Amino acid sequence: MLSYIIYMMFMIPLCFKAKSWWLLQNLLFVISFIYMFKVDYFCWSNLSYMFGYDYLSYGLVLLSFWICVLMLLASVSVLRYKFYYNYFMLMVLLLMMMLYCTFCSMNMMTFYFFFEGSLLPTLFLIFGWGYQPERLQAGIYLLFYTLFASLPLLLGIMYLYSSSSNIEFFMLFNSKYISIFLYFSMILAFLVKMPMFLVHLWLPKAHVEAPVSGSMILAGVLLKLGGYGLLRVYMFMMEVGMIYNFIWISISLIGGFLISLMCLRQVDVKALIAYSSVAHMGLVIGGLMTLNSWGFYMTFVLMIAHGLCSSGLFCLANISYERLSSRSMLINKGLLNLMPGMALWWFLLSSCNMAAPPSLNLLGEIGLFNSMMGWMWMVMMFLMLISFFSAVYSLYLYSYSQHGIYYSGMYSSVAGYCREYLLLILHWLPLNLLIMKGDFVLNWM
């Protein structure tokens with residue numbers, strides 16, 4: 001366990017060595033492959049000090065490693081323009097260490113510290129490498145939304161420790177708490193991080209202002225921290241959850257529908273993808289809050305699937321942005337004429353976004369529908385609407401950006417580099433191959 005942390009710590013001096021960008025990226029590929037072979041399905045393994053992982057942590061750590069490698073692959077413009085790329089690599093590494101420690105913490109207090117700590121490198125990515133001056137406002141939004149909600153979480157953890165002298169995740173398995181104040185304090189921080197509808201405003205702002213790497217890690221991994229926290233917390237919050245969870249399910253389903261409608265009137269490509277993330281996370285919250293086994297398993301599946309799919313879409317949006325210097329839908333149109341090779345990837349990732357087979361999103365969404373329908377059949381109406389509009393805004397994004405006459409101000413364009421095709425295939429392949437082993441996801445509880 002600590003060997004991975006030491007591996008990452010020893011990579012920090014490499015950030016400041018000349019011409020070490022590709023070396024660092026390859027080393028990150030190596031660590032993700034080493035980690036991939038360390039899978040253990042059934043129990044907490046690789047225990048050392050306060051770290052260890054079970055299958056749930058394993059999947060999310062692997063996702064973090066993968067997205068962090070692809071962040072470097074996507075952000076070559078930082079290297080090309082020599083835009084403080086040493087510090088950029090340092091931020092990516094620090095973020096990776098924070099995420100690794102968050103998912104592998106077995107103690108709730110260390111989990112809390114790393115959970116909050118992962119906010120800082122993200123903030124620096126947005127402040128340092130974002131595009132518009134509004135990035136400062138977006139960063140403050142991100143900071144205050146998440147910090148405001150996570151103070152009650154800290155108090156809740158302190159209360160748990162004072163009442164039972166124990167805040168290890170695997171020891172709290174059989175504890176039962178029925179305090180409503182404890183319930184709301186433990187849940188709120190994770191719901192803001194997910195983000196749930198009504199507390200989602202920081203997300204589109206942060207995405208639009210962040211550089212491509214910031215958007216990738218935000219959509220790919222940081223939203224999953226909320227789901228991970230909820231899955232851990234509900235192990236000992238079942239009783240009180242059964243009474244109050246209908247609130248969150250209602251908000252998420254109605255919110256998911258409204259956000260899907262909002263996607264249809266976005267003029268910024270990045271904002272559209274960001275709002276679609278909120279709609280997908282609405283489904284995740286709804287399924288998780290039913291507290292049945294379908295919901296728990298498929299939450300894990302859809303979090304992994306959404307991380308890869310959403311990150312890939314942000315890469316595509318950035319590829320267009322680098323050619324056209326604009327993210328507006330009015331300028332990003334007719335791309336089929338300019339970059340015919342990229343149109344295939346737009347199609348593949350848009351179809352994954354609307355849960356077309358054989359993507360992992362399909363498995364996750366079917367399972368979540370199943371869990372919510374088992375909870376109450378009347379939610380079927382909202383599930384139908386969300387599913388339909390999810391297809392509508394994905395097709396809208398694809399057809400608007402690829403078809404039509406291209407922007408008349410364009411005078412030249414590059415079709416696509418090998419690096420970009422590699423980047424997209426590394427998003428798409430795991431997303432569509434993992435469904436072959438759908439039975440594995442049922443092992444983690």
Side-chain angles (χ1 to χ4, degrees), residues 1-40 44-76 78-79 84-107 109-126 128-129 211-214 216-218 220-225 228 304 307-308 311 423 426 430:
M1 207 69 257
L2 291 177
S3 56
Y4 295 102
I5 298 176
I6 291 167
Y7 185 111
M8 287 184 269
M9 283 171 64
F10 275 93
M11 280 200 284
I12 290 176
L14 284 178
C15 296
F16 298 99
K17 184 178 173 296
K19 297 181 179 173
S20 60
W21 180 278
W22 303 111
L23 169 67
L24 199 78
Q25 185 182 296
N26 290 333
L27 286 173
L28 292 184
F29 266 121
V30 169
I31 192 175
S32 49
F33 281 119
I34 294 172
Y35 190 78
M36 206 179 286
F37 295 116
K38 286 279 192 180
V39 63
D40 187 341
W44 289 86
S45 61
N46 263 24
L47 305 177
S48 55
Y49 293 95
M50 53 200 173
F51 296 110
Y53 58 81
D54 65 346
Y55 192 54
L56 173 64
S57 311
Y58 171 82
L60 290 165
V61 169
L62 195 53
L63 180 70
S64 310
F65 280 167
W66 199 243
I67 298 288
C68 284
V69 180
L70 298 182
M71 278 163 70
L72 286 180
L73 197 55
S75 306
V76 173
V78 174
L79 176 68
Y84 299 102
Y85 63 92
N86 307 105
Y87 295 104
F88 180 83
M89 290 191 286
L90 179 66
M91 283 304 132
V92 172
L93 263 181
L94 289 177
L95 188 51
M96 189 161 136
M97 286 173 70
M98 286 291 180
L99 289 167
Y100 178 76
C101 294
T102 310
F103 290 129
C104 290
S105 290
M106 295 189 330
N107 182 302
M109 191 56 92
T110 55
F111 168 75
Y112 175 80
F113 283 130
F114 291 122
F115 176 75
E116 291 307 315
S118 61
L119 202 64
L120 284 174
T122 319
L123 200 65
F124 288 138
L125 278 176
I126 293 175
W129 289 269
V212 59
S213 53
M216 284 168 69
I217 200 73
L218 256 178
V221 186
L222 291 180
L223 301 190
K224 314 302 173 274
L225 284 171
Y228 174 78
I304 300 283
L308 290 164
S311 173
L423 172 66
L426 290 179

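Bear in mind the structure is a predicted one, so any value in this text is a computation, not a measurement.
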Discussion item. Which heavy atom of M11 sits nearest to which heavy atom of L24, and what is that distance?
Written reply: O-CD1, 3.8 Å
Discussion item. Please determine whether side chain to side chain contact (heavy atoms under 4.5 Å, CB included) holds for the pair V30 and N26, giving the CA-CA distance in whole Å, both sets of side-chain angles, and the decisive distance to 0.1 Å.
Written reply: CA-CA 6 Å; V30 169; N26 290 333; 5.5 Å; no
Response to the item:
Tested for side chain to side chain contact (heavy atoms under 4.5 Å, CB included) against C68, the lone hit among V221, V92, L63 is V92
Item to complete: Keeping the roles fixed (side chain from S118, backbone from F115), state whether a donor-acceptor pair exists under 3.5 Å.
Response: yes
Discussion item. Return the CG to CD1 distance between L90 and I12, rounded to the nearest 0.5 Å.
Written reply: 6.0 Å
Worksheet item: Out of curiosity, M71 CE to S311 OG, how far, rounded to the nearest 0.5 Å?
Response: 9.0 Å
Worksheet entry | F29/W22 aromatic ring centres below 6.0 Å | no
Mind listing the side-chain donor-acceptor pairs of residues 93-103 below 3.5 Å, one per line with the distance, residues two or more places apart or on another chain?
residue, atom, partner, partner atom, Å
Y100, OH, M1, O, 3.1
T102, OG1, M98, O, 2.6
T102, OG1, F114, O, 3.4

Response to the item:
Of all heavy-atom pairs linking Y85 and K19, the shortest is OH-N, 4.3 Å
Item to complete: State which residues pass side chain to side chain contact (heavy atoms under 4.5 Å, CB included) with N86; sequence neighbours excluded, sorted by chain then number.
Response: F16, M89
Discussion item. In the structure I gave you, are the side-chain heavy atoms of T110 and F51 within less than 4.5 Å of one another anywhere?
Written reply: no
Worksheet item: So, for V212 and S75, which heavy atoms are closest and what is the spacing to 0.1 Å?
Response: CG1-OG, 3.9 Å
Worksheet entry | Partners passing side chain to side chain contact (heavy atoms under 4.5 Å, CB included) against M36 (at least two apart in sequence or in another chain) | F33, Y58, L62
Worksheet item: Taking only residues at least two apart or on different chains, which pairs with a member in residues 91-103 satisfy salt bridge (charged side-chain N to carboxylate O under 4.0 Å, His left out)?
Response: none
Worksheet item: If you take all heavy atoms of W129 and V78, which pair is closest and at what distance?
Response: NE1-CG1, 3.8 Å
Worksheet item: Under 3.5 Å, side chain of W66 to main-chain N/O of L426, donor-acceptor pair present?
Response: yes
Fill in: For Y49, all residues meeting side chain to side chain contact (heavy atoms under 4.5 Å, CB included), sequence neighbours excluded
L2
Practice prompt. Taking S20 for its side chain and L14 for its backbone only, find out whether a donor-acceptor pair lies under 3.5 Å.
Written response: yes
Worksheet item: Can you find a heavy atom in the side chain of V61 that is under 4.5 Å from one in the side chain of F65?
Response: yes
Fill in: Test side chain to side chain contact (heavy atoms under 4.5 Å, CB included) applied to L47 - qualifying residues, sequence neighbours left out
W44, M106
Worksheet item: Can the ring centres of Y7 and Y35 be said to be less than 6.0 Å apart?
Response: no
Item to complete: Any chance you could lay out the side chain to side chain contact (heavy atoms under 4.5 Å, CB included) test for S213 and F88, step after step, and finish with the verdict?
Response: CA-CA 10 Å; S213 53; F88 180 83; 3.3 Å; yes
